[in-house]
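These notes concern the structure reproduced below.
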Amino acid sequence: MFAAEFATATRRIDDGAMVCALVGQGISQSLTPPMHDREAAEQGVDYAYLVFDVPAARTADLDLGGLLDRAADVGMRGLNVTHPFKQRVLAHLDDLSPDAARLGAVNTVVFSDGRRIGHNTDWSGFARNFDLGFGVDSADPVRTTSVIQLGAGGAGAAVAYAMLSRGTAHLHIVDADPRRSEDLATLLGAIFGAASVTSGSTADAHAAIATADGVVHATPVGMAAHPGMAVSAGTLRPDLWIAEVVYRPVVTELIATARAVGARTLTGDGMAVHQAVDALRLFSGLEPDAERMTQHIRELIAAEDLGVPRSA
Ligand code: NAD
């Protein structure tokens with residue numbers, strides 16, 4: 001599988017380029033490859049970011065270990081790994097960053113001295129973006145003592161880990177599938193202490209938001225393909241902050257509604273940018289320019305005609 005992609009990788013590496021790739025299913029429209037390629041080009045570095053888009057029918061029997069072997073053998077710098085391989089890849093790695101080990105999920109594999117090291121830049125990307133927009137690196141940090149999170153899937157696990165790592169004393173996670181929020185709360189409770197994470201159903205969310213400092217939204221609701229809001233408009237208030245994970249469009253219905261009531265908002269494109277910033281740094285040793293990459297992703301999303309990006 002991926003003979004043409006490996007041929008390209010080999011040719012580009014022979015030409016002196018750094019080569020990386022994204023492995024996942026249904027990723028042909030991912031904005032990560034153009035973000036990496038453009039930022040490396042801006043820095044004058046010969047770099048190629050390829051896409052290994054695994055067909056749904058081949059996902060179950062994909063030889064992921066063999067794919068990693070081959071990528072390392074031809075001299076690639078590393079791989080980003082996305083759905084549905086973020087957990088499966090763990091079995092094929094030599095080492096994990098402490099955070100990836102605790103989360104049990106890897107989105108970035110770096111090949112280094114014959115070893116494969118797994119990292120998770122989903123959580124670090126969300127955390128960095130949060131610190132810049134709402135936290136220690138912002139002009140006016142928000143309170144994050146008590147936070148409600150909607151969505152306990154792949155993105156939800158990373159952002160919940162980020163909030164607890166940043167010091168949230170109590171995170172309440174709700175999901176349309178209560179088993180998912182329960183499982184995530186159990187995983188994170190074992191790391192951060194059972195009292196710091198609770199879970200519930202979406203029916204709980206209304207009452208929980210009333211006493212919370214802020215809301216992290218990590219369900220697909222609000223994407224162009226899933227319009228609407230998972231948070232009821234009546235729960236929004238000016239002293240509540242909203243951190244969004246959805247970023248296509250950048251201004252989701254939740255972000256627009258929260259802004260209309262005067263709440264502070266953080267859009268989801270920042271997480272997408274900073275996970276790429278952290279991965280590009282790990283692959284290349286470059287120091288990416290996050291502001292330039294933000295401008296670029298907003299151009300890319302605007303060109304998709306999903307919505308008009310506005311400043312956070
Ligand atoms: P996922 O399918 O793994 O998880 C989504 C979760 O949301 C599921 O557990 C589902 O039960 C729950 N859910 C769905 N509708 C709900 C509702 N109305 N109320 C409560 N829970 C509900 O998906 P994911 O990979 O976690 O992605 C979620 C969203 O995050 C997507 O829109 C994706 O594009 C976005 N995302 C953004 C970034 C980024 O960098 N900004 C990164 C990853 C994912």
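In each ligand, atom 1 is the first atom listed, and ligand 1 is the first ligand listed. Note that the coordinates shown come from a computational prediction; the quantities given were computed from them, not determined experimentally.
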When rounded to the nearest 0.5 Å, the distance separating NE2 of His36 from SG of Cys20 is 7.5 Å
Check: Asp269 N/O within less than 3.5 Å of ligand 1 N/O: no
Can you sort out which atoms of ligand 1 are near Ala230, meaning under 4.0 Å from one of its heavy atoms? 18 (N)
Could you name the option among Ala157, Ala224, Pro220, Gly270 that has the heavy atom nearest to atom 5 (C) of ligand 1? Pro220
For Gly154, take its heavy atoms, then give the atoms of ligand 1 lying under 4.0 Å from any of them. 3 (O), 26 (O)
Counting non-hydrogen protein atoms only, what is the nearest one to atom 43 (C) of ligand 1? Give residue, atom name and distance. Ala155 CB, 3.8 Å
Carboxylate-amine/guanidinium proximity below 4.0 Å for Arg264 and Asp140: yes
If you scan protein heavy atoms around atom 31 (C) of ligand 1, the nearest is Met223 SD, 3.8 Å
Nearest neighbour of atom 2 (O) of ligand 1 from the list Arg180, His83, Lys86, on a heavy-atom basis: Arg180
Which of Asn80, Asn107, Asp278 passes side-chain hydrogen bond (donor to acceptor under 3.5 Å, both in side chains) with Thr121? It is Asn107
Taking only Lys NZ, Arg NE, NH1 and NH2, and the carboxylate oxygens of Asp or Glu, determine whether Asp99 and Arg102 approach each other closer than 4.0 Å. yes
Please collect all salt bridge (charged side-chain N to carboxylate O under 4.0 Å, His left out) contacts where either partner lies in residues 160-173, sequence neighbours excluded, each pair once. Asp131-Arg166
Does any N/O atom on Ala218 come nearer than 3.5 Å to any N/O atom on ligand 1? no
Assess the residue pair Asp213 and Ser146 against the criterion (side-chain hydrogen bond (donor to acceptor under 3.5 Å, both in side chains)); give the C-alpha distance rounded to whole Å, side-chain angles, the decisive distance to 0.1 Å, and a yes or no. CA-CA 6 Å; Asp213 297 317; Ser146 171; 5.2 Å; no
For atom 4 (O) of ligand 1, the option (of Gly153, Ser201, Gly125) bearing the nearest heavy atom: Gly153
Nearest protein heavy atom with distance in Å, relative to atom 12 (C) of ligand 1: Asp175 OD2, 3.2 Å
If we number the atoms of ligand 1 from 1 as shown, the ones under 4.0 Å from a heavy atom of Gly268 are 41 (N)
Check whether any protein heavy atom sits under 4.0 Å from atom 33 (C) of ligand 1. no
Could you tell me whether the side chain of Thr202 and the main chain of Ala176 form a donor-acceptor pair under 3.5 Å? no
Could you say whether the N/O atoms of Val221 and ligand 1 ever approach to under 3.5 Å? no
Below 3.5 angstrom, do we get any N/O pair linking Tyr247 and ligand 1? no
Short version for Val245: what comes under 4.0 Å of ligand 1, heavy atoms counted, is both
Return a yes/no value for Ala272: is any of its N or O atoms, backbone included, closer than 3.5 angstrom to an N or O of ligand 1? yes
Does the pair Ser199 and Glu182 meet the rule for a side-chain hydrogen bond (donor to acceptor under 3.5 Å, both in side chains), with working shown? CA-CA 5 Å; Ser199 65; Glu182 235 175 84; 5.3 Å; no
Counting only non-hydrogen atoms of the protein, does one fall under 4.0 Å from atom 18 (N) of ligand 1? yes
Under 4.0 Å from one or more heavy atoms of Thr202, ligand 1 contributes atoms 19 (N), 20 (C)
CZ/Arg38 to CD/Gln43 distance, rounded to the nearest 0.5 angstrom? 13.0 Å
Quick one: does ligand 1 sit under 4.0 Å from the side chain of Met271, the backbone, both or neither, non-hydrogen atoms only? both
When you measure from the side chain of Ser30 to the backbone N and O of Ile27, does any donor-acceptor pair fall under 3.5 Å? no
Taking the minimum heavy-atom distance to atom 13 (N) of ligand 1, which of Val246, Thr219, Val159, Ile173 ranks first? Thr219
Would you mind listing every ring-ring contact (aromatic ring centres under 6.0 Å, His included) that reaches into residues 141-194, with sequence neighbours excluded? Trp123-Tyr161, Tyr161-Phe192
